[in-house]
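Sequence lines set the chain letters: A, B, ... in the order given, protein chains first and strands last, and positions in each chain run from 1.
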Amino acid sequence: MVAPAASHSRPDAADLLVWYDRHRRALPWRALPGVAPDPYRVWLSEIMLQQTTVAAVKPYFARFLERFPTVEVLAAAPEEAVMGAWAGLGYYSRARNLHACAKAVAAAGAFPDTVEGLRKLPGIGAYTAGAIAAIAFDRPAAAVDGNVERVVSRLYAIETPIPASRPEIRRLAESLVPASRPGDFAQAVMDLGATLCTPKRPACALCPWMQPCRARAEGLQETFPRKVKKVAGALRRGAAFVVLRAGDDAVLLRTRPPEGLLGSMAEPPTSEWRADYDPAQALLDAPLDARWKRLPGLVRHVFTHFPLELTVFLARVGAGTPAPEGMRFTPRAALDAEPLPGAMKKVLAHALEQKLAAPPPAPKPPPEPDLATPPEPEAPPRRAPLPKVLSRRPASAAPVVKARGRPKGS
DNA sequence: GATGCGTGGGA
DNA sequence: TTCCCAAGCAT
């Protein structure tokens, strides 16, 4: 529902466009004024920017353009090359859909230039279809993302919480789209939300839409959009098994199933992840027979919907040891080519850090008393630099290894 | 409509 | 530390 109308004029697209012409952000995927945008770049950037910050996307976007300069090149690339180039960016179904979409577009010969046509492609939903139609083809379409929801909910002081208010927000957003320069308008609203109409401490004094904004008039701008907060997921635990093979200095890896969590990404074998998992029983889940050492500390990682704690086990096997069914040995020098998500990079960094660390003198209590295999007596270094094989990519160059002994109990 | 799906950064 | 969030999509 909309707050009672006061003396507010209707938000004028022209006012926003004046502001945009002066304050628009320069972004790598954004065409210069007067230059026709490249649909491939617009599409690629929009997919990467789904739930992802501009700063995180920039290096990935540049690397993708280098490796896959056109949609035809991307379509012809092997799946694992695409997954590898995406590794670290998150939401990996985007990468699979990206590849599938590229194949469809390459087969069709061009991107569709309407919302309806775009909407049919994998990985393109209501927002992205509107954004591409507007930005790449200057169609009068609304691109309603989180920024626009915030801007519109403030303009009209919408009291209904998200997500129930989404249909209303969309209608209002569509009513604002001008016939002239709809592509610039779509980008202007997002720039406004990203730079002035921010979630916290919006800079209303600089806003071209301050006058018609109802939330601002009431001094309640920061309280919109209304939303219901979600509950955090329950902690899950598990064990991860790092096997180092002598001779070629290789690590045992497998590929996860194509659907679901971390789909199609690589990982060292792990147990199931459950709330009641007992690391003391972990060796029952080990991928092969070996002299397993339970490493001190543990690897923590927080996914969207649950936190995870992995206890890491390390084993060394002889040269020539074959990989178990469905797994492979990858030499450490070749780990860069594996699509390892952040959580699994932490696991490998934790294990290899143990291996490389010189034994410090200070002993330290084991993280948990009842161990199948007692951990090594040495204390792990608090924050050793990442092993070289794991440091790549400017953006995610140093996945922080949060692993420390737990002073359990009390 | 509710869930599942990553990651990194800022307050 | 903890919470929230950032150009959403598929089911």
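Between Trp43(A) and Phe111(A), the ring-plane angle classifies as tilted under the 30° and 60° cut-offs.
Side chains of Glu338(A) and Thr330(A): a donor-acceptor N/O pair is present below 3.5 angstrom, by distance only. Using modelled atom types, one finds a donor on one side chain and an acceptor on the other under 3.5 Å when comparing Arg226(A) with Thr223(A).
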Pair Arg94(A)-Thr52(A), side-chain contact (heavy atoms from CB on, under 4.5 Å): steps then yes or no: CA-CA 12 Å; Arg94(A) 289 186 297 174; Thr52(A) 308; 3.1 Å; yes
Steps toward ring-ring contact (aromatic ring centres under 6.0 Å, His included) verdict (Trp86(A), Tyr60(A)): CA-CA 7 Å; Trp86(A) 198 276; Tyr60(A) 283 86; 7.4 Å; no
Derivation and outcome, side-chain hydrogen bond (donor to acceptor under 3.5 Å, both in side chains), residues Arg328(A) and Thr255(A): CA-CA 9 Å; Arg328(A) 61 185 179 278; Thr255(A) 297; 3.0 Å; yes
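Taking atom C1' on both nucleotides, dC5(C) is separated from dG6(B) by 13 Å, rounded to a whole Å. For the C1' atom pair drawn from dA10(C) and dG1(B), the interatomic distance equals 14 Å after rounding to whole Å.
Set against dA6(C), dC9(C), dG6(B), the side chain of Leu262(A) has dG6(B) as its closest nucleotide. Ranking dT7(B), dA10(C), dA6(C) by closeness to the Asn97(A) side chain, first place goes to dA10(C). Nearest nucleotide to the side chain of Thr53(A), out of dG6(B), dA6(C), dC9(C): dA6(C). With dT7(B), dA6(C), dC9(C) as the candidates, the nucleotide lying closest to the side chain of Gln50(A) is dC9(C). Among dC5(C), dA10(C), dC5(B), the nucleotide with an atom closest to any side-chain atom of Lys227(A) is dC5(C). Among the nucleotides dA6(C), dA2(B), dG6(B), the one closest to any side-chain atom of Pro163(A) is dA2(B).
At the phosphate of dC5(B), OP1 or OP2 sits under 4.0 Å from a side-chain N or O atom of His305(A). Distances shorter than 4.0 Å separate some side-chain N or O of His301(A) from OP1 or OP2 on dT7(B). Between Gln51(A) and dG8(C) there is a side-chain polar atom (N or O) within less than 4.0 angstrom of OP1 or OP2. Distances shorter than 4.0 Å separate none of the side-chain N or O atoms of Tyr91(A) from OP1 or OP2 on dA10(C).
A salt bridge does not link Arg24(A) to Asp21(A): none of the charged nitrogens lies less than 4.0 Å from a carboxylate oxygen. Ion pairing between a basic and an acidic side chain is recognised when a charged N comes within 4.0 Å of a carboxylate O; Asp113(A) and Arg139(A) show such pairing.
In the region residues 14-31 of chain A, proximity to DNA chain C at under 4.0 angstrom, judged on heavy atoms, holds for Arg25(A), Leu27(A), Trp29(A), Arg30(A). DNA chain C is contacted by Pro199(A) of residues 192-208 of chain A, taking any non-hydrogen atom closer than 4.0 Å.
Annotation: of the two residues near DNA chain C, Pro122(A) and Glu46(A), the 5′-most nearest-nucleotide partner is Glu46(A). Comparing Ile124(A) and Gln187(A) along DNA chain C, the residue whose closest nucleotide (by nearest heavy atom) sits nearer the 5' end is Gln187(A).
With hydrogens and angles ignored, no donor-acceptor pair closer than 3.5 Å exists between the side chain of Thr128(A) and the base of dG8(C).
Residues Phe303(A) and Phe306(A) place their aromatic rings such that the two centres sit under 6.0 Å apart.
Within the 4.0 angstrom heavy-atom criterion, only backbone atoms of the sugar-phosphate kind lie near Ala126(A); the bases stay farther away.
Within the model, atoms CD of Gln211(A) and CG of Asp15(A) stand 10.0 Å from one another, a figure rounded to the nearest 0.5 Å.
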